[in-house]
Amino acid sequence: MPGYVIANWKMYKTKKEALEFAEGLKDGLSQGGVVVGVSPAFPYLETLSNAFRGVDRVCVFAQNVAFAEAGAFTGEVSASMIEDAGAKGVIIGHSERRHVFKEDPSWMVKKIQLALDRELVVVYCVGETLEERDLGVGPEVVSRQLAEGLGGLEDESKASIRSKETLVIAYEPVWAIGTGRNMEPIEAKEAASLIKKNVSELLEGYVPPVLYGGSVNPRNIQGFAGHFEIDGVLVGGASLDLGRFLPLIKAFERA
Ligand code: 13P
């Protein structure tokens, strides 16, 4: 099972900046087994998919997907459209979608199902808020989010996740995102183990790659890369410039 280092650019980078980054990334990558993901805003999915064509280890991910395949849903983008744009996968359930845009937990399974139907790789995000952490219910919140997203998938999709390894879980404690305050790697490792156990129960034996996300940077990356339970990272701020992103990839190649 490959490791993943994924850049979530959120609502940053112009087309010109995205293309410059793509060229720099291609030049800066050495041989290695880690899958490198880049997740730009929707308008640049196709541009970046084209920019990385032929570069096997770099994949393009969308940052979100609609809960329906088509219909009167102003502003939404379907799984088929994402597939058409050449993306390899999609991030679903990011905390900014859940908390800023008030996405309903009941949408998660629909989104995941539709993405899997298009054979997109799903990066499903889970994580507790600071309030939930302080209440000591972090693990329960994460288990509930996993069950909401995965429990109701069709049997055929569960089988396809097992055979094609098309599901990745990103554990992103909400309080660690964009705050400069990362979770201690040992704690993230424990959360990753619990997530693997939980998903394996929900998906009859499938143990997913688990990524950590939340204020990852070149200074703290070794702590995460040093635990084999953590299969990679989902990165916001530090993914915006190559000087900080390339060392994160290297850390997981050495690990
Ligand atoms: P930061 O790395 O900026 O904390 O963002 C994490 C994140 O939300 C990645 O999806």
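Counting starts at 1 for both ligands and their atoms, in listed order.
Each of the following atoms of ligand 1 lies closer than 4.0 Å to a heavy atom of N8: 9 (C), 10 (O). Remark: ligand 1 atoms within the under-4.0 Å shell around heavy atoms of G237 are 1 (P), 2 (O), 3 (O). Annotation for ligand 1: atoms under 4.0 Å from non-hydrogen atoms of S215 are 1 (P), 2 (O), 4 (O). Near A176, with a cut-off below 4.0 Å to any heavy atom, the atoms of ligand 1 are 4 (O).
Heavy atoms of I177 found under 4.0 angstrom from ligand 1 belong to the backbone as well as the side chain.
When hydrogens are left out, the protein atom nearest atom 9 (C) of ligand 1 is E172 OE2, 2.9 Å; that is the closest non-hydrogen contact. Summary of contacts: the protein heavy atom closest to atom 5 (O) of ligand 1 is K10 NZ, 3.3 Å.
Within a 6.0 Å sphere centred on NZ of K26, heavy atoms belonging to other residues, nucleotides or ligands number more than 12.
The aromatic rings of F61 and Y4 stand perpendicular to each other, their planes meeting at an angle above 60°, with 30° marking the opposite boundary.
Between H94 and ligand 1, an N or O atom pair is found at a separation short of 3.5 Å.
You'll find the ring centres of F21 and W9 inside the 6.0 Å limit.
The closest side-chain donor-acceptor pair between W175 and E128 falls under 3.5 angstrom. With no hydrogens or angles considered, no side-chain donor-acceptor pair links N50 and E46 at under 3.5 Å. Using a 3.5 Å distance cut-off with no hydrogens or angles, the side chains of E172 and H94 do pair a donor with an acceptor.
The shell of residues lying under 4.0 angstrom from ligand 1, judged by heavy atoms, excludes C125.
Nearest-heavy-atom check against atom 4 (O) of ligand 1 across S95, G236, A238, G178 picks out G178.
The same ILVMFWY cluster, assembled from side-chain heavy atoms under 4.5 Å apart, contains both V5 and Y12.
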